[in-house]
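To start, I am sharing the structure in question, which I have written as structure tokens.
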Amino acid sequence: MSDTLTPAAHEETDDAVPEFPMPRAADCPFAPPPEMMRLHSEHPVSRVRLWDGSTPWLVTRYADQRALYGDHRLSVDPRLPGFPHASAAFQDAFAKNPPSFLNMDDPEHARVRRMVTAPFTIKRVEAMRPTVQRMTDDFIDTMLAGPRPVDLVEALALPLPSLVICELLGVPYDDHEFFQSRSKVGVRRDATPAESRAATGELLTYLDEQLQAKLAHPADDMLSDLAGRTRAGELTRHEAAMLGLLLLGSGHETTANMIALGVLAFLEHPDQLAVVRDTDDPQVVAGAVEEMLRYLTVVHNGQRRVALADVEAGGQVIHAGDGVIIPGATGNWEAGHFPEPDRLGVGRDARRHMAFGFRVHQCLGQPLARLELQIVYGTLFRRVPTLRRAADLNRIPFKNDGVVYGVYELPVTW
Ligand code: HEM
């Protein structure tokens, strides 16, 4: 079989292979990197170069992305040769610790994922709405009673999802400084292997202690359930701690970034903010959340896979052993699916976005993330109608170095 099936498919000559990840334009902090959008229109399946010199395929078109997400000939196992690691620290972490189900293939992935799906069903999450609303109002009350300007990341964006996932898991929120600081290391692309290993080790020890405590004193929470499964022999202690780690980390890092970056995007688009602030219709807010998820696509480093067999995408053969990167942002900014994709339009139907991935590994926590975002966007601007940035846009520190995009700080006043 020839490597290139159609003239449109593309493999750059070795020294022309662009580096990945690619920088965003300084004057356009919400848009995907221009070079990535250029590849999307000119060479939708093309080689990119990673930190270690490897050259996996970057698959940028919506249709190809959706097809590959459901293709079992691609693996998420980071221990396989050819897997495109985000950094040396990620590679090291996976070599030392057997992965959690985010990095397992079916059927093992499905077996473990099933153990933790129940609390994330739409019905169970919807039942949490009054609690999450109360938590949100409490954080906003505290913010309004304190000095201004205030950092919205510290005041609301980080503590809310952190408190919610703590309640679900049964982890004491009083320990949040400990696990937030260690989780931050885990999502930094520039963390050294030693830093990452130390942070992960501390978190796993902490979660193992929590699981042992739940064995002695079970409660109505997810860690107690996982602890019970270790006793029943369904999970090892290490597997249970890894699951706790996955849920604790993904439960607050991603949503926190969507809250802070989303608030900033609304402040930069006052007409769109007004729609969300002035409506009484929860469906309008729910639609705005989908559009914001599409527009920002905060998991911005691409979903990583390695081919187990030869696979064709966009007219290009991806060989067994080749790495594959699927950046959600380019599909979510494809004009054929989302007209005028660079326009934030909260009234559009953005429900087919891929900000939560698609198919096998589609985000487990998406009902919870949606609930939190609907409550925050639907409450904050109504309660604080004069909310505004308290620093120039070019002084806001963006998380270009993280696997999840966002802002480190968002100074606001009212
Ligand atoms: C706005 C917030 C969130 C975004 C943008 C997001 C995004 C994603 C994406 C893109 C994936 C797919 C990864 C892949 O295909 O390789 C994923 C998977 C996952 N997410 Fe989320 N996520 C969010 C919130 C959450 C929350 C609140 C939780 C709750 C604990 C969570 C738990 C997970 C888990 C466990 C997986 C792995 C699913 C699997 O492999 O079967 N996420 N998420």
Side-chain angles (χ1 to χ4, degrees), residues 21-33 51 86-87 89-90 136 139-140 142-143 146-165 173 175-192 195-196 198-200 202-203 248-269 292-293 295-302 327-329 355 369 372-373 376-377 380 384 387-414:
M22 290 149 181
R24 291 178 190 252
D27 59 345
C28 214
F30 305 119
W51 59 277
S87 67
F90 276 87
T136 305
F139 283 120
I140 296 176
T142 307
M143 179 179 99
R148 16 183 164 158
V150 68
D151 175 12
L152 193 88
V153 174
E154 288 295 321
L156 178 66
L158 189 54
L160 177 71
S162 204
L163 179 58
V164 171
I165 197 68
Y173 183 67
D175 295 340
H176 68 277
E177 275 174 26
F178 163 75
F179 59 74
Q180 281 171 4
S181 63
R182 303 315 186 269
S183 304
K184 266 182 203 152
V185 179
V187 289
R188 254 179 46 211
R189 226 165 34 202
D190 63 352
T192 65
E195 285 171 337
S196 173
T200 308
E202 284 181 62
L203 280 169
L248 188 62
S250 45
H252 73 269
E253 272 295 338
T254 42
T255 316
N257 284 302
M258 263 309 293
I259 293 175
L261 195 64
V263 167
L264 179 59
F266 272 122
L267 294 175
E268 297 306 301
H269 297 82
M292 199 55 97
L293 285 160
Y295 184 69
L296 298 175
T297 317
V298 291
V299 179
H300 72 149
N301 243 347
E372 293 177 34
L373 294 171
V376 171
Y377 297 163
L380 182 66
V384 197
L387 190 79
R388 59 186 186 278
R389 255 197 292 114
D392 285 347
L393 189 59
N394 60 16
R395 300 196 70 84
I396 306 278
F398 287 91
K399 290 187 176 176
N400 288 302
D401 57 348
V403 291
V404 187
Y405 190 54
V407 289
Y408 284 106
E409 276 171 38
L410 180 56
V412 292
T413 192
W414 53 90

Would you call Ile165 and Thr255 a side-chain contact if the rule is heavy atoms closer than 4.5 Å?
-> no

What residues, two or more places apart in sequence or in another chain, satisfy salt bridge (Lys or Arg N to Asp or Glu O under 4.0 Å) together with Arg24?
-> none

Listed by chain and number, what are the side-chain hydrogen bond (donor to acceptor under 3.5 Å, both in side chains) partners of Glu409, not counting sequence neighbours?
-> none

Ignoring hydrogens and geometry, is there a side-chain-to-backbone donor-acceptor pair from Ser87 to Phe90 under 3.5 Å?
-> yes

Taking C-beta and beyond as the side chain, do Met258 and Val404 meet within less than 4.5 Å on heavy atoms?
-> no

Where the side chain of His300 meets the backbone of Gly406, is there a donor-acceptor pair that is under 3.5 Å apart?
-> no

Ring pair (Phe, Tyr, Trp, His ring centres under 6.0 Å) partners of Tyr377, counting only residues at least two apart = Phe266

Would you check if Tyr405 and Asn301 make a side-chain contact, meaning some heavy-atom pair closer than 4.5 Å?
-> no

Ala390: what forms a side-chain contact (heavy atoms from CB on, under 4.5 Å) with it, not counting sequence neighbours?
-> Pro149, Pro411, Thr413

What orientation do His176 and Phe179 show, parallel under 30°, tilted 30 to 60°, or perpendicular over 60°?
-> perpendicular

Which heavy-atom pair separates Pro161 from Gly251 by the least distance, and what is that distance?
-> CB-O, 3.7 Å

With under 30° as parallel and over 60° as perpendicular, where do the rings of Phe30 and His269 fit, or are they tilted in between?
-> tilted

Would you call Met292 and Leu373 a side-chain contact if the rule is heavy atoms closer than 4.5 Å?
-> no

Spacing of CG belonging to Leu261 relative to CG belonging to Leu410, to within rounding of 0.5 Å | 9.0 Å

Do His252 and Leu158 come within less than 4.5 Å of each other through their side chains, counting heavy atoms only?
-> yes

Apply side chain to side chain contact (heavy atoms under 4.5 Å, CB included) to the pair Val150 and Val412, showing each step before the final yes or no.
-> CA-CA 6 Å; Val150 68; Val412 292; 3.8 Å; yes

Where is the tightest heavy-atom contact between Phe398 and Pro29, given as atom of each residue plus distance?
-> CZ-CB, 3.4 Å

Can you name the nearest heavy-atom pair linking Asp401 to Tyr408, along with the distance?
-> OD1-OH, 2.5 Å

If a pair satisfies salt bridge (Lys or Arg N to Asp or Glu O under 4.0 Å) and one of its residues is in residues 148-162, list it, with sequence neighbours excluded.
-> none

Per the salt bridge (charged side-chain N to carboxylate O under 4.0 Å, His left out) rule, which among Glu202, Glu195, Glu177 passes with Arg182?
-> Glu202

Are Phe139 and Val376 close enough that some pair of their side-chain heavy atoms sits under 4.5 Å apart?
-> no

Atom of Ile396, atom of Leu264 and distance for their closest heavy-atom approach = CG2-CD2, 4.3 Å

Tightest non-hydrogen contact, residues Val407 and Ala260, listed as CG2-CB, 3.7 Å

Quick one: list whatever passes side-chain contact (heavy atoms from CB on, under 4.5 Å) with Ser250, sequence neighbours left out.
-> Leu246

Chi angles and distances behind the side chain to side chain contact (heavy atoms under 4.5 Å, CB included) call for Ile259, Leu380 | CA-CA 11 Å; Ile259 293 175; Leu380 182 66; over 6 Å; no

